[in-house]
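Right, one structure below, let's go through it.
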Amino acid sequence: MAPTIRSPFRRTLALMASAAILAHAGMNGVAYAQTAPETTAPGVATPAPVTPEPAAPAPTPPAAAAPETAAPAPTPPVPAAPQQAAPGQAVVPNNGPASVADLAEGLLDAVVNISTSQNVKDDEGAGPAPRAPDGSPFQEFFNDFFNKQQGNKGGNHNVSSLGSGFVIDPAGYIVTNNHVIEGADDIEINFANGSKLKAKLIGTDTKTDLSVLKVEPKAPLKSVKFGDSSKMRIGDWVMAIGNPFGFGGSVTVGIISGRGRNINAGPYDNFIQTDAAINKGNSGGPLFNMKGEVIGINTAIISPSGGSIGIGFSVPSELASGVVDQLREYGETRRGWLGVRIQPVTDDIADSLGLDTAKGALVAGVIKGGPVDDGSIKAGDVILKFDGKTVSEMRDLPRVVAESTVGKEVDVVVLRDGKEQTVKVKLGRLEDSDQAAASDDAAPDGSQDDGVITPDPGENNDMDQPDTGDQAQPAPDTPDQHKGQVSPDAATPKNVLGLSLSLLSAETRKAFGIAESVDGVVVTEVTPGSASAEKGLKPGDVIVEVAQEFMKSPDAVAAKVQALKQEGRRNAQLMIASANGDLRFVAVPME
């Protein structure tokens with residue numbers, strides 16, 4: 001019975017399937033849609049596949065419904081036709097992204113491996129010798145071995161490290177990171193052709209972690225040049241070449257993932273972030289654009305495992321090229337110096353100054369004898385632009401100042417008394433040796449001391465004189481006020497913004513240890529939980545200015561705060577002096 005039933009069914013199924021195929025052959029494009037359903041035009045039903053269905057012993061063959069579901073559409077799916085290859089014709093495979101082999105081939109010879117060695121005493125960092133437990137079968141072995149080691153103390157051994165670099169001059173000048181060669185007694189350059197040369201250190205800059213080396217080649221070397229990193233955009237392709245884990249000449253490709261990154265590596269952080277694989281040993285190597293120009297120097301990675309996770313950082317060429325030029329010419333850096341102390345512009349301070357957004361760098365103090373001690377820039381000014389470059393946030397200013405030429409006269413746009421003004425400033429030179437101590441000591445208010453705009457520690461006693469200009473000069477009767485010879489109303493303590501205020505007198509100066517150079521109104525008490533307490537104000541602080549106006553008495557503070565409230569201001573900007581004269585700005589909400 002089974003054979004007689006199966007045979008007619010198969011013939012019927014074959015006839016129906018053939019009819020369906022012949023019917024579909026006349027409909028242009030529908031046959032292609034069976035192999036590429038994603039290209040079927042909207043509204044056109046994709047016919048059921050013919051091949052798998054006949055195997056199912058269904059009473060009604062699925063092919064019978066095909067002519068109904070594959071009704072001709074008004075508009076045939078034209079895009080599908082070009083994708084269908086003719087029978088027997090080979091499909092051309094996708095070749096992937098464009099190759100960078102030609103670009104890499106022309107750059108590999110300019111990238112070098114750097115190996116260093118350093119003599120280290122054997123007992124440096126050595127701890128006590130391990131001991132085996134008493135009675136242990138290894139006790140004798142441990143004692144013999146470590147007693148011998150103890151007897152050999154005092155010798156030296158070499159510690160080696162590997163890094164990368166690149167040639168910037170055929171005469172033999174090479175750029176790398178400072179941390180690659182720091183402390184090295186011997187520096188050897190390994191070239192792509194297998195040759196090796198000893199190198200000497202020309203100059204180094206710890207703030208940007210850059211160093212310049214020099215070798216003496218017998219023939220001109222293959223070199224590369226710096227490009228303009230400021231023109232690079234997020235998403236642009238880049239290529240890194242270096243010596244990761246000792247594998248010289250390694251090429252990796254990626255894109256620029258971010259710009260202007262601050263990783264707290266130094267005062268001038270402005271790193272390029274890339275996802276091109278950068279590992280240990282890539283430090284000091286170049287990051288190229290697709291023109292073969294160096295637009296970054298690979299310096300750091302973020303990695304929990306010690307290997308690349310696609311977050312690497314490069315010093316941009318716009319910063320590095322100037323540093324390298326100075327190291328080549330002078331063996332040291334010669335940076336511009338403005339001579340001010342700055343702090344961030346917070347939202348509260350921006351509101352108190354009438355700024356629409358928090359931007360710029362707020363000048364908290366001016367260094368006596370510095371380039372702007374002539375009153376061109378004053379404490380309380382907000383620097384918005386420097387030499388045509390926008391200062392979006394506080395950390396932008398140290399970098400643009402440092403990159404400027406010593407002695408250059410630049411235009412500085414400041415916000416003063418609610419109005420933008422342009423002043424001309426002639427830059428001095430930042431003496432790193434003189435400023436190092438200052439940059440190591442954090443400002444008491446948390447403002448940034450970065451060596452570029454850091455005051456000398458000894459000048460704070462005089463800061464109120466250059467900082468506040470004519471407003472800060474004491475009135476003729478100020479000395480008498482300090483001796484208590486003031487009107488009764490002025491001497492009466494006032495409670496303003498949660499602060500108990502009093503005139504500065506010999507008694508209050510002695511009680512709070514306030515220097516004679518500090519003038520203003522002293523804070524004697526701070527109400528716990530008040531807005532002033534939350535902003536960090538404390539007894540002994542001196543209010544020098546309110547809204548850039550010098551304060552002589554508690555009454556003057558109260559009157560100015562009331563005037564600000566009537567103007568609709570939500571915050572009062574206070575210039576606060578510490579007992580030794582350090583200045584900072586605080587925006588206190590007016591409740």
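All values below were derived from every heavy atom in this structure, side-chain atoms included, with hydrogens, water molecules and symmetry-related copies excluded. For clarity, every value in this text was computed on a predicted model and none was experimentally measured.
A pairwise comparison of heavy atoms in Q343 and R584 identifies OE1-CA, 3.4 Å as the closest pair. When all heavy atoms are compared, the tightest approach of A300 to I263 is CB-CD1, 4.1 Å. Residues M394 and I342 come closest through the heavy atom pair CG-CD1, 3.3 Å. S211 and N178 make their closest contact through OG-CA, 3.2 Å (heavy atoms, listed as atom of the first residue, atom of the second, distance).
Of the possible polar contacts, none joining the T357 side chain to the K359 backbone as a donor-acceptor pair under 3.5 Å is found. Under the 3.5 Å distance criterion, the side-chain polar atoms of N113 are left unmatched by any main-chain donor or acceptor of N190. No side-chain donor-acceptor contact under 3.5 Å links S223 to the backbone of V167. Looking only at distances, a side-chain donor or acceptor of D396 sits under 3.5 Å from a matching main-chain atom of E393.
Inspection of the T299 and D209 side chains reveals no N or O donor paired with an N or O acceptor under 3.5 Å. Between the side chains of N282 and S164, no donor-acceptor pair of N or O atoms lies under 3.5 Å. Under the 3.5 Å distance criterion, with hydrogens and angles disregarded, no donor-acceptor pair is assigned to the side chains of R334 and Q326. Judged purely by distance below 3.5 Å, without hydrogens or angles, the side chains of S195 and N193 pair a donor atom with an acceptor atom.
The shortest distance between side-chain heavy atoms of I383 and I377 falls below 4.5 Å. Annotation: side chain of F166 is in contact with side chain of I168 (closest heavy-atom distance under 4.5 Å). Residues V215 and I174 meet the side-chain proximity criterion, which asks for heavy atoms closer than 4.5 Å. Using a 4.5 Å heavy-atom cutoff, the side chains of S308 and I278 are not in contact. Residues K207 and R335 are in side-chain contact: their nearest non-hydrogen atoms beyond the backbone lie under 4.5 Å apart.
With Y173 as the aromatic partner, K214 meets the cation-pi criteria of under 6.0 angstrom to the ring centre and within 45 degrees of the ring axis.
More than 12 non-hydrogen atoms from other residues, nucleotides or ligands lie less than 6.0 angstrom from NZ of K535. Sparse packing is recorded around CG of D102, with 12 or fewer heavy atoms of other residues, nucleotides or ligands lying under 6.0 Å away. More than 12 non-hydrogen atoms from other residues, nucleotides or ligands lie less than 6.0 angstrom from CZ of F245.
The CD1 atom of I255 lies 12.0 Å from the CZ atom of R233; values are rounded to the nearest 0.5 Å. How far CD of E318 is from CZ of F226: 12.0 Å, rounded to the nearest 0.5 Å. E293 CD to K225 NZ: the interatomic distance, rounded to the nearest 0.5 Å, is 5.5 Å.
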Could you go step by step and tell me if D381 and R416 meet the salt bridge (charged side-chain N to carboxylate O under 4.0 Å, His left out) rule?
CA-CA 5 Å; D381 289 347; R416 181 182 299 168; 2.6 Å; yes

Please lay out, stage by stage, how R399 and D269 fare under the test salt bridge (charged side-chain N to carboxylate O under 4.0 Å, His left out).
CA-CA 8 Å; R399 177 173 48 82; D269 280 13; over 6 Å; no

Could you please spell out the steps behind the side-chain hydrogen bond (donor to acceptor under 3.5 Å, both in side chains) verdict for N298 and S314?
CA-CA 4 Å; N298 302 321; S314 302; 2.6 Å; yes

For salt bridge (charged side-chain N to carboxylate O under 4.0 Å, His left out), just list the numbers for K198 and D186, CA-CA rounded to whole Å, side-chain angles, deciding distance to a tenth of an Å, and then say yes or no.
CA-CA 8 Å; K198 297 293 184 181; D186 184 69; 2.9 Å; yes

Set out, in order, the CA-CA distance, both residues' side-chain angles and the distance that settles salt bridge (charged side-chain N to carboxylate O under 4.0 Å, His left out) for D411 and K424, then state yes or no.
CA-CA 5 Å; D411 289 335; K424 286 194 174 294; 2.7 Å; yes

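Tested against R328 for a side-chain contact (heavy atoms from CB on, under 4.5 Å), the candidates V175, V212, V323 yield a single pass: V212.
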